[in-house]
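Remarks on the structure that follows.
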Amino acid sequence: MIDIKLLEKKAEGGPSYLDEYRQSLLNRGSSTEILDQIVELNKRRKELITQAEQAKSRQNKVSAEIAQLKRNQQDASSLIAEMGQLAAEVKNMEASAGKADEEVQYLLLTIPNKPQADVPVGKSADDNKVEKAVGTPTKFGFPAKEHGDLGEKLGILDFERAGKVTGARFTFLKGAGARLERALIQFMMDMHSMKHGYTEMIPPFIVNSTSLTGTGNFPKFKEDVFRLEGFDYYLIPTAEVPVTNYYNNEILNESDLPKKFCAYSPCFRSEAGSHGRDTKGLIRQHQFNKVELMVFTHPSQSHELHEQLTTHAEKILEALELPYRRMLLCTGDMGFGSARTYDLEVWLPGQSQYREISSCSNFEDFQARRANIRFRPANGKPQFLHTLNGSGLAVGRTLVAILENFQREDGSVGIPKALQPYMGGLTEIRPS
RNA sequence: GGAGAGGUGGUAGAGUGGUUGAAUACACCAGUCUUGAAAACUGGCAUGCCUUCGCGGGCAUCGUGGGUUCGAAUCCCACCCUCUCCGCCA
């Protein structure tokens with residue numbers, strides 16, 4: 001959520017915030033009418049509030065007089081009669097002021113964050129900027145297979161039966177496949193908690209709608225999450241939701257910042273609107289495991305810590321010897337709440353392309369304002385902190401990357417050295 | 001699921017219809033004292049919104065949402081959460 005007060009500030013010299021924000025909406029490829037709508041509605045909201053408050057002020061004043069009269073055992077019946085009328089009026093005025101307030105609030109919740117100034121302007125993923133590439137794309141002297149084929153032949157992935165048991169976009173991991181997934185989770189959590197200074201967390205996998213509004217998933221992207229019938233409960237699309245809301249409505253001590261968490265959770269996504277995309281294999285499932293990095297930071301440190309967090313995710317890829325590149329997303333490809341996002345893309349020889357395996361974003365105060373998470377500066381009013389998060393990494397896609405990058409001509413798959421201790425010393429997966 | 005207790009400021013904890021935004025303590029900040037610190041003493045110390053160039057003024061907030069009343073932290077209703085006992089359960 002953006003600060004509505006900034007929209008009203010007059011420009012001094014440079015472009016006003018309103019103009020800047022209008023431009024940033026255009027850069028994202030969204031329409032800007034909503035801004036004028038908000039400004040207009042807000043004007044009305046203020047008028048109504050002023051009106052209602054004046055009436056209430058009078059009401060309070062007279063009530064005090066009545067109290068005084070009663071204390072002196074004098075007659076107050078005429079004042080009380082008058083107030084009966086005013087009370088009804090106040091109720092109406094409050095109702096319309098409240099409604100206007102809700103309208104403004106709702107509109108504010110539906111507009112995206114403003115990208116940082118140096119984020120490249122662009123329309124689609126094609127306009128993202130390659131920041132760096134690490135490792136060289138794996139090449140084989142034989143035709144590379146896709147992970148789905150490899151996994152089924154090895155007997156470690158079973159899409160077929162998952163379709164029977166649940167439906168499309170689900171999988172059974174089996175034998176060494178299940179073990180590999182488990183090893184990856186353990187490996188990632190260990191690295192982040194022991195080497196990178198994050199406190200580990202296993203959050204609730206179900207959250208309420210307030211939490212989803214706090215992170216920015218609601219109200220705009222309701223259709224992307226699974227709802228539990230009969231409850232205001234939702235399966236989390238990412239651990240970002242419960243972990244960000246861990247501190248909602250709280251004021252943290254400035255000296256306690258930054259707070260760094262790494263969280264394991266399964267993630268559930270309805271994938272509404274992606275019918276026909278990545279229908280084969282593990283790339284786009286309704287359920288997948290992820291280790292998430294999450295930082296609550298002082299605004300002055302958020303940029304630096306965002307770089308650092310991204311590096312922490314990269315360390316996992318490097319330890320697993322997986323070739324990847326870091327992309328700075330352009331305005332048109334960024335997520336709704338983000339001010340700056342790096343995607344890490346891992347090389348998949350089976351598909352001969354890089355695929356997203358991590359997304360690291362700086363939300364600045366966008367989520368903090370929605371979720372009301374503040375810190376108290378040494379000598380001052382509480383202010384919104386900044387939130388950062390990134391995948392460290394998407395576990396399912398990491399498994400994909402290992403299968404494809406460590407495959408051999410005979411269909412067996414090697415295990416990266418760093419992971420072997422987590423696999424009980426297993427060095428390769430062969431058909432069982 | 002049944003019975004009971006409770007949710008008040010950063011924390012603990014008073015307050016059962018009328019100057020209660022809320023006693024008190026702790027924490028925190030500033031000052032005095034001190035070589036410095038501690039202690040002691042003095043003062044300050046909620047958040048959001050509306051209004052004002054500013055000083056300031058106003059409104060709201062005692063789990064959430066409704067209701068009663070001229071007036072609600074206080075009374076009524078619903079919901080949420082926490083705790084205790086019983087039942088059930090990994």
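Sequence lines set the chain letters: A, B, ... in the order given, protein chains first and strands last, and positions in each chain run from 1. A quick note: this is a predicted structure, and the numbers were derived from the prediction, not measured.
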Output field: ring centroids [X]/[Y] closer than 6.0 Å:
X	Y	answer
A:F296	A:H386	no
A:F205	A:F268	no
A:F336	A:F221	yes

Atom pair distance, as rounded to whole Å: [atom1] in [X] and [atom2] in [N]:
X	N	atom1	atom2	value
A:E254	B:C29	CD	C1'	14 Å
A:E8	B:C53	CD	P	14 Å
A:L108	B:C49	CG	P	12 Å
A:M93	B:C59	CE	C1'	13 Å
A:K70	B:C70	NZ	C1'	8 Å
A:L48	B:U51	CG	P	12 Å
A:Q51	B:C50	CD	P	16 Å
A:M83	B:G18	CE	P	19 Å

Expressed in whole Å, how much space separates the [atom1] atoms belonging to [N] and [M]?
N	M	atom1	answer
B:U84	B:U61	P	33 Å
B:U68	B:G6	C1'	24 Å
B:A60	B:C53	C1'	26 Å
B:A40	B:U52	P	47 Å
B:U51	B:U32	P	41 Å
B:C33	B:G43	C1'	15 Å
B:G66	B:C83	P	28 Å
B:G48	B:G67	C1'	25 Å

Below the 4.0 Å mark, does [N] have OP1 or OP2 next to a side-chain nitrogen or oxygen of [X]?
X	N	result
A:Q68	B:U19	no
A:K46	B:C49	no
A:N60	B:A60	yes
A:R376	B:U47	yes
A:K5	B:C49	yes

NA contact type, [X], heavy-atom cut-off 4.0 Å: base, sugar-phosphate, or nothing?
X	result
A:A64	nothing
A:K61	nothing
A:N253	nothing
A:R45	sugar-phosphate

(message) Which is more 5' along RNA chain B, the nucleotide nearest A:L79 or the one nearest A:Q54? Just name the residue.
(response) A:Q54
(message) On RNA chain B, does the nearest nucleotide to A:T50 precede the nearest nucleotide to A:R374 from the 5' side, or the other way round? Give the residue.
(response) A:R374
With a 4.5 Å limit on heavy-atom distance, are the side chains of [X] and [Y] in contact?
X	Y	result
A:N289	A:Y264	yes
A:D149	A:K280	yes
A:F406	A:P416	yes
A:E271	A:R284	yes

Please tell me which of the listed nucleotides, [options], lies nearest to the side chain of [X]?
X	options	result
A:E53	B:G18, B:U47, B:C59	B:C59
A:A67	B:U51, B:A60, B:G18	B:G18
A:K381	B:G18, B:G71, B:U47	B:U47
A:P382	B:U47, B:C50, B:G18	B:U47
A:S57	B:G58, B:C70, B:U51	B:G58

So what's [N] paired with, Watson-Crick or G-U wobble, going by both distances under 3.5 Å?
N	result
B:C70	B:G18
B:C28	B:G44
B:C79	B:G63
B:C85	B:G2
B:U35	none

(message) If the threshold is 4.0 Å, N to carboxylate O, is there a salt bridge linking A:R374 and A:E250?
(response) no
